[in-house]
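Below, each value reflects all heavy atoms present in this structure, side chains not excepted, and no hydrogens, waters or symmetry copies. Order of the sequence lines fixes the chain letters, A, B, ..., with proteins taken first and strands second; residue numbering starts at 1 for each chain.
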Amino acid sequence: MPELPEVEVVRRGLARWVSGRTAEDVEVLHPRAVRRHLAGGEDFAARLRGTGFGTAMRRGKYLWIPLDEGSSSLLGHLGMSGQLLVRPSGAPDEKHLRIRVRFADGLGTELRFVDQRTFGGLSLHETAPDGLPDVIAHIARDPLDPAFDDAAFHTALRLRRTTLKRALLDQSLISGVGNIYADEALWRSRLHYERPTASLTRPRTTELLGHVRDVMSEALAQGGTSFDSLYVNVNGESGYFDRSLDAYGREDEPCHRCGTPMRRRPWMNRSSYFCPRCQRPPRTV
DNA sequence: CTTTTGACCTGACTGC
DNA sequence: TGCAGTCAGGTCAAAA
């Protein structure tokens with residue numbers, strides 16, 4: 001499932017293989033893939049034709065490419081199963097190919113958005129003065145952003161009346177963290193997912209942020225996490241970080257720290273994985 | 001205002 | 001073999 005490290009791998013691929021090229025023809029093969037483009041698929045395609053792509057950018061799990069016409073950007077989100085692939089123009093269509101962008105050059109490759117579950121998509125939006133597409137103004141900086149404000153994050157945690165994992169997944173507080181890296185960072189921090197955010201001391205917040213950054217950096221160095229063929233990077237290669245996970249998906253397997261069998265608990269229509277010995281639940285629960 | 005819940009979506013898997 | 005049920009989960013609109 002693409003979280004920040006996987007999306008950053010895709011951003012780098014786009015910067016290398018798409019930035020600087022010009023769209024010649026765009027095909028929208030599934031309307032849901034452009035549902036955030038309110039003017040519809042035909043408008044999406046028409047506006048992209050003949051437009052040049054600038055440098056690929058990212059905040060959290062969102063990707064965007066400023067367009068050379070000046071004031072707008074192509075925004076993308078991979079959702080659960082989205083892939084952005086640069087493929088030879090003659091390669092057979094993928095089963096879940098949703099959008100194709102052909103280029104006005106002789107390089108012989110095209111950009112494809114492939115997405116089985118169609119939670120992701122592409123759309124065009126005005127670029128705000130701060131450089132962000134206007135519809136993602138509410139997305140907080142991510143922990144790998146040099147301008148992320150640790151002190152402000154701690155203050156926000158103290159003011160919230162919620163629990164730790166909910167806060168980690170709240171993209172308006174900190175972006176780029178999904179279910180996998182939330183569980184990994186909490187395990188490294190020996191913190192329970194249901195601990196109230198208001199109970200965190202400043203040193204605990206600092207330690208947690210350090211682990212979030214470490215686990216994401218390590219995953220990025222290995223090319224992102226992949227659990228099945230659903231996630232593939234821009235060139236179609238899977239990441240290998242799943243071999244290094246300490247918490248996610250390890251129900252009944254021994255904790256890598258203390259050997260206690262790991263547990264899985266239903267949580268917000270998904271799962272939380274944790275060590276019952278290293279990560280003690282808060283008293284109030 | 002803050003916080004929580006449900007809808008969206010398809011394919012792999014499980015149990016009867 | 002078929003079929004119903006479950007799971008995977010990021011985001012946002014709507015509800016509380």
Protein-nucleotide distance (A/R32, atom CZ; B/dC8, atom C1'), rounded to Å = 5 Å
State, without any angle test, whether A/T197 and A/R160 hold a side-chain donor-acceptor pair at a distance under 3.5 Å.
-> no
Which part of the nucleic acid, if any, lies within contact of A/H30, taking any heavy atom under 4.0 Å across all strands shown: a base, the sugar-phosphate backbone alone, or nothing?
-> nothing
Give me the ring orientation class for A/H37 and A/F44: parallel if the planes are under 30° apart, tilted from 30 to 60°, perpendicular past 60°.
-> perpendicular
Residue pair A/T55 / A/S19: nearest heavy atoms and the distance that separates them | CA-OG, 3.5 Å
For atom CZ of A/R265 and atom P of C/dA8, their distance in whole Å | 14 Å
Consider only side-chain N and O atoms of A/R195 and A/S189, and report whether a donor and an acceptor are under 3.5 Å apart.
-> no
Identify which one of A/W267, A/Y193, A/W187 satisfies the ring pair (Phe, Tyr, Trp, His ring centres under 6.0 Å) criterion when paired with A/F274.
-> A/Y193
Consider the side chain of A/R166, meaning its heavy atoms from C-beta on, and name the nucleotide among C/dA8, B/dT4, B/dC9 that approaches it most closely.
-> B/dT4
Taking atom types as they are modelled, is there a donor-acceptor pair under 3.5 Å from the base of C/dG10 to the side chain of A/R117?
-> no
Nearest-Å distance for atom pair CG/C1', residues A/L75 and C/dC12 | 14 Å
Under 4.0 angstrom between A/Q171 side-chain N/O and C/dG10 OP1 or OP2 | no
How would you label the contact of A/R35 with the nucleic acid (heavy atoms, under 4.0 Å): base, sugar-phosphate, or nothing?
-> nothing
Please give the angle, rounded to 10 degrees, between the axes at the start and the end of the helix from B/dT2-C/dA16 to B/dC16-C/dG2, where five pairs define each axis.
-> 50°
Looking at C/dC12, C/dG10, C/dA8, which one has an atom nearest to any side-chain atom of A/R264?
-> C/dA8
A/R35 and A/F119: which non-hydrogen atoms are nearest, and at how many Å?
-> NH2-O, 2.9 Å
Separation of atom NE2 in A/H77 from atom P in B/dC9, rounded to whole Å | 17 Å
For A/M268 and C/dC7, what is the distance between atoms CE and P respectively, to the nearest whole Å?
-> 16 Å
In whole angstroms, the gap separating P of C/dC12 from CG of A/N269 amounts to 18 Å
Can you find a side chain N or O atom of A/Y62 that sits less than 4.0 Å from OP1 or OP2 on C/dC12?
-> yes
Nearest-angstrom distance from the residue atom CD1 of A/I139 to C1' of C/dC12 | 10 Å
Pair A/R250-A/H256, side-chain donor/acceptor within less than 3.5 Å = yes
